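Scroll down for the structure; my scribbles are underneath it.
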Amino acid sequence: MIPAIPQPDPLALPAPAWLLWALLLLTFFLHLIPMNLVLGGSIVGAIARVRGRRPDRPYEAELAHIVVKAMPVLISATVTFGVAALLFLQVLYGRVFFASAVVMGWWWLSVIGLLIVTYYAAYLLAMREGSLGGSATFLAWLVAAIAGVIALIYGNNMTLMLKPAELVGLYAADGRGVQLNLVDRVLLPRHLHMVLGAIAVSGLAIAVLGVVRLKRDEAFGQWAVRYGAFICTAATVVNIFAGLWWLAALPREVLLKFMGGDMRAMGELLAGILLTLTGAGHTVLAVTAKRPGVMVTISAAALLAGIALMLLTRDAIRRFTLELAGYQPVNWVAPQWGPVAIFFVLLVAAIGIVVWMTRALATAKPGTQVP
Ligand code: HEM
């Protein structure tokens, strides 16, 4: 009989499991921020483009323009940090992750082609926006749709890998690599939760943009704080229901862990909910505050901390579900500190360069060359 979970590779972990786990969460967090701005920002930008066609909505047209200018950089950051997360995911969960990637092989590989199309569409928009006419709206929706499909393909793999017992049967039934995990009742609420979270983060980013612009263009700045606050709060409120739906769809034993069965997991979930609500609430306070910058800063800090806790909850769901399936993590460790040190140095340098690049782009005057 074929075992449901493949045997571990005869290779030791290159660093202690806790360190690899921490780096997976850190790099996934770094992936998540630009990914949210691509996934949510492309939807908000496409809607703003359609609404901004009316002459009485010039700020929405301006926002749509800012979104397309930022998109190529955001897609690059998403991909770069995604690759880093993939490294650690493979080391810790390769046995189940690769098995599910094989079952949905063509879908998984299609991400590369989809990304190339998104890149072309985003660059075309950023460089030829003025001369594209009606095609600009089509391209803006194309970027949003493809980002949504890529997220759904990732969601399929992240949920399919949690069911190792079913993978052998699925592969035996059809080994062409064309299956998805669409019948899983967790998939839809999980995807919805991801997309709504991405829209909320994009709303926060628009509020931050508003605060940055207040001095240069007060009317646009105030509008952007209001618009961003509305988007962030509306998406977060709806997301409470998507989150509850995701929880309710979890296997009973996993759900019970969050209902007091595991106090740490329950505490992280509750703190995550409180912090994200606090974050969204403070964007609303920023609309009428004398110093909106302070409120938006509190909002950003609370929302980012809330997202970090939500990532712990997502990780706990994976851990609990795989434990139930009988998955044993590899516990043979032979640390290779040299490569680990090189990784740290390069990671710090990469984060520094991304921060520098973002600042340079944000402060560049229109029409000037970024150094
Ligand atoms: C526009 C492009 C992308 C979008 C919209 C996107 C979106 C997402 C989403 C929504 C998830 C969470 C899925 C879930 O848990 O249900 C995810 C996870 C992940 N993504 Fe991306 N992604 C993109 C590109 C990439 C690329 C190019 C890579 C790497 C080559 C990557 C690496 C990862 C990894 C490793 C995870 C899982 C991390 C973990 O489970 O700990 N992503 N992505």
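Counting starts at 1 for both ligands and their atoms, following the listed order. All of these numbers come straight from a predicted model, not from anything done at the bench.
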Quiz item: atom 2 (C) of ligand 1: which of V38, I153, L115 has the nearest heavy atom?
Solution: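 When every heavy atom of V38, I153, L115 is considered, L115 comes closest to atom 2 (C) of ligand 1.
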Practice problem: Identify the protein heavy atom lying closest to atom 38 (C) of ligand 1, giving its residue, its atom name and the separation to 0.1 Å. | Solution: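 Answer for atom 38 (C) of ligand 1: F28 CD1, 3.5 Å.
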Quiz item: Can you tell me the protein heavy atom closest to atom 5 (C) of ligand 1 and the distance?
Solution: A147 O, 3.6 Å
Rounded to the nearest 0.5 Å, how far apart are [atom1] of [X] and [atom2] of [Y]?
X    : Y    : atom1 : atom2 : value
D217 : W223 : CG    : CH2   : 11.5 Å
N181 : T159 : CG    : OG1   : 4.0 Å
L214 : F220 : CG    : CZ    : 10.5 Å

Under-4.0 Å heavy-atom contact with ligand 1, by part of [X] that carries it:
X    : result
L24  : side chain
R314 : side chain
V83  : both

Self-check item: Name of the residue among R49, E129, E60 meeting side-chain hydrogen bond (donor to acceptor under 3.5 Å, both in side chains) with H65
Solution: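 Considering R49, E129, E60, a side-chain hydrogen bond (donor to acceptor under 3.5 Å, both in side chains) with H65 is found only for E129.
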Considering only heavy atoms of [X], which atoms of ligand 1 have at least one such atom less than 4.0 Å away?
X    : result
R318 : 39 (C), 40 (O), 41 (O)
R190 : 14 (C), 15 (O), 16 (O)
L89  : 39 (C), 40 (O), 41 (O)

Exercise. Can you tell me which residue pairs pass the salt bridge (charged side-chain N to carboxylate O under 4.0 Å, His left out) test with a partner in residues 164-178, sequence neighbours excluded?
Key: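 Found K163-E166, D174-R176.
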Quiz prompt | Ring centers of Y154, W108 separated by less than 6.0 Å | solution =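 Ring centres of W108 and Y154 closer than 6.0 Å.
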Quiz item: Does I75 come within less than 4.0 angstrom of ligand 1, counting non-hydrogen atoms of the residue?
Solution: no
Practice problem: For L162 and T321, work out which heavy atoms get closest and say how close. | Solution: O-CG2, 3.8 Å
Quiz item: What pair of heavy atoms forms the shortest contact from P164 to I5, and how long is it?
Solution: CB-CG1, 3.6 Å
Self-check item: Atoms of protein origin (N, O or S) under 2.8 Å from atom 21 (Fe) of ligand 1
Solution: H31 NE2
Exercise. Verify the neighbour count for atom CZ of F230: are there more than 12 heavy atoms of other residues, nucleotides or ligands below 6.0 Å?
Key: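 No, because the 6.0 Å sphere around CZ of F230 holds 12 heavy atoms or fewer from other groups.
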Quiz item: Does K257 pair with E253 as a salt bridge, N-O distance under 4.0 Å?
Solution: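 A salt bridge is absent here (no side-chain N lies under 4.0 Å from a carboxylate O).
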Quiz item: So H31 and F28, would you call those rings parallel, tilted or perpendicular, with 30° and 60° as cut-offs?
Solution: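 Tilted.
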